[in-house]
Novice: 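Here it is, the structure, as structure tokens.
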Amino acid sequence: MNSAMMSNGKEITGNFIPSIAIDSSSKAQKNTLEETLAPRERSLLIIDSRALDRQCLAQCISAHKIDMDVVAFGSMEEWKRKRHDYPPLAAILLNVGGRKIVEPAVSDEIKKLAAEFDAPIIVLADTDDLAQIMKALECGAKGYIPSSVSIDVCIEAIALSLAGGIFVPASSVFAMRQVLETGSPVVRPLAGMFTARQAEVVEALRRGKANKIIAYELNLRESTVKVHIRNIMKKVKATNRTEVAYKINDLFPTDFSSSDTSSRLEH
């Protein structure tokens with residue numbers, strides 16, 4: 001698998017495919033080599049301004065022989081100048097390192113990538129802070145990988161995003177559940193994603209309530225409820241109300257057998 005890295009403005013191409021000894025009389029071995037060397041139909045793009053970090057990560061992922069070309073550049077601008085040399089993007093892995101997602105430059109970069117590309121944007125960062133994770137998802141990221149995970153988990157997280165899922169570290173989910181269970185006043189994990197009214201609609205959707213019921217319980221017009229649902233769908237990039245409930249439940253499972261006060265997500 002070929003991987004291209006950018007260092008000091010120069011492209012370095014490395015071949016990560018191990019040498020294979022072939023018996024000229026073995027058709028099976030020839031076919032295996034041809035399949036191995038065949039161009040990939042898609043590519044995983046790593047964006048990291050630190051040359052050594054991105055090169056090492058690209059080589060580690062390539063060594064696992066994923067079904068994609070792995071290309072690494074210091075910026076999207078560098079990749080765009082070379083984009084025609086590589087297969088179409090399957091996913092973008094943005095390594096922000098120790099930078100904070102709440103920093104305007106970082107959050108704007110994620111938003112810009114999410115708006116410009118259909119490929120999922122996956123953030124790799126040095127922290128698993130819940131607030132940082134939620135901010136990344138709010139900006140349009142389809143996954144958040146802390147640098148504390150193993151390379152195997154990293155690859156699985158990428159695969160999950162490619163399949164349409166959203167990866168977040170288990171430690172952060174457990175931390176949020178603990179906050180919910182203790183009734184702490186800081187239970188506002190989606191504060192930056194939804195308005196208070198949208199959060200109430202999201203909770204009703206999680207419970208499978210019809211628009212008329214939601215409108216009655218929240219003292220809203222049914223048309224207003226529909227507007228809220230459309231806006232919620234845009235924010236979580238869902239195509240229907242069922243997908244909204246699935247995505248929220250997948251990230252933030254709660255015990256619906258408990259009272260409304262303890263199980264409701266306040267946003």
Novice: Have a look at S43 and tell me which of V70, D85, L89 forms a side-chain contact (heavy atoms from CB on, under 4.5 Å) with it.
Specialist: L89
Novice: Can you find a heavy atom in the side chain of F167 that is under 4.5 Å from one in the side chain of I122?
Specialist: no
Novice: Give the C-alpha distance, both sets of side-chain angles, the deciding distance and a yes or no for side-chain contact (heavy atoms from CB on, under 4.5 Å) between I46 and V71.
Specialist: CA-CA 6 Å; I46 299 173; V71 294; over 6 Å; no
Novice: Starting from the C-alpha separation in whole Å, work towards a yes-or-no answer on side-chain contact (heavy atoms from CB on, under 4.5 Å) for I145 and V168.
Specialist: CA-CA 7 Å; I145 307 173; V168 294; over 6 Å; no
Novice: Which atom names give the shortest non-hydrogen contact between Q198 and I232, and what distance separates them?
Specialist: O-CD1, 3.5 Å
Novice: Is the backbone N or O of T239 less than 3.5 Å from a side-chain atom of E243, with the two atoms forming a donor-acceptor pair by type?
Specialist: yes
Novice: Kindly check if the number of other-residue, nucleotide or ligand heavy atoms within 6.0 Å of CG (N219) is above 12?
Specialist: no
Novice: Is the shortest side-chain heavy-atom distance between E217 and K209 below 4.5 Å?
Specialist: yes
Novice: Would you call D69 and E41 a side-chain contact if the rule is heavy atoms closer than 4.5 Å?
Specialist: no
Novice: Grab the two heavy atoms, one from V123 and one from A141, that are nearest each other, plus how far apart they are.
Specialist: CG2-CB, 3.9 Å
Novice: Atom CG in L113, atom CD1 in I47: separation rounded to 0.5 Å?
Specialist: 7.5 Å
Novice: Does G74 offer a backbone N or O that forms a donor-acceptor pair with the side chain of E78 under 3.5 Å?
Specialist: yes
Novice: Between atom CZ of R83 and atom CE of M76, what is the distance when rounded to the nearest 0.5 Å?
Specialist: 7.0 Å
Novice: Of the non-hydrogen atoms in I110 and C139, which two are nearest, and what is the gap between them?
Specialist: CG2-CB, 3.7 Å
Novice: How close do P120 and S161 get, heavy atom to heavy atom, and via which atoms?
Specialist: CG-O, 4.0 Å
Novice: If the threshold is 4.0 Å, N to carboxylate O, is there a salt bridge linking E116 and K80?
Specialist: yes
Novice: Looking at every non-hydrogen atom in both residues, tell me the closest pair between A125 and V96 and how far apart they are.
Specialist: CB-CG2, 3.5 Å
Novice: Any side-chain heavy atom of V244 sitting closer than 4.5 Å to one from I229?
Specialist: no
Novice: Does the pair E103/K100 count as a salt bridge with the N-to-O cut at 4.0 Å?
Specialist: no
Novice: Roughly how far apart are H228 NE2 and R197 CZ, rounded to 0.5 Å?
Specialist: 6.5 Å
Novice: Using the rule that two of Ile, Leu, Val, Met, Phe, Trp, Tyr join whenever any of their side-chain heavy atoms come within less than 4.5 Å, decide whether I151 and L93 are in one cluster.
Specialist: yes
Novice: Drop me the distance from I214's CD1 to T224's OG1, to the nearest 0.5 angstrom.
Specialist: 12.0 Å
Novice: May I have the step-by-step check of side-chain contact (heavy atoms from CB on, under 4.5 Å) for L57 and D48, ending in yes or no?
Specialist: CA-CA 10 Å; L57 181 58; D48 189 339; over 6 Å; no
Novice: Checking R99 now: which residues fulfil salt bridge (charged side-chain N to carboxylate O under 4.0 Å, His left out) with it, not counting sequence neighbours?
Specialist: E109
Novice: Does some side-chain heavy atom of L160 sit less than 4.5 Å from a side-chain heavy atom of E156?
Specialist: no
Novice: Which value, rounded to the nearest 0.5 Å, describes the distance between T127 atom OG1 and Y144 atom OH?
Specialist: 5.0 Å
Novice: Closest approach of L124 and N95, non-hydrogen atoms and distance?
Specialist: O-OD1, 3.1 Å
Novice: Could you give the distance from CD (Q59) to NE2 (H64), rounded to the nearest 0.5 Å?
Specialist: 12.0 Å
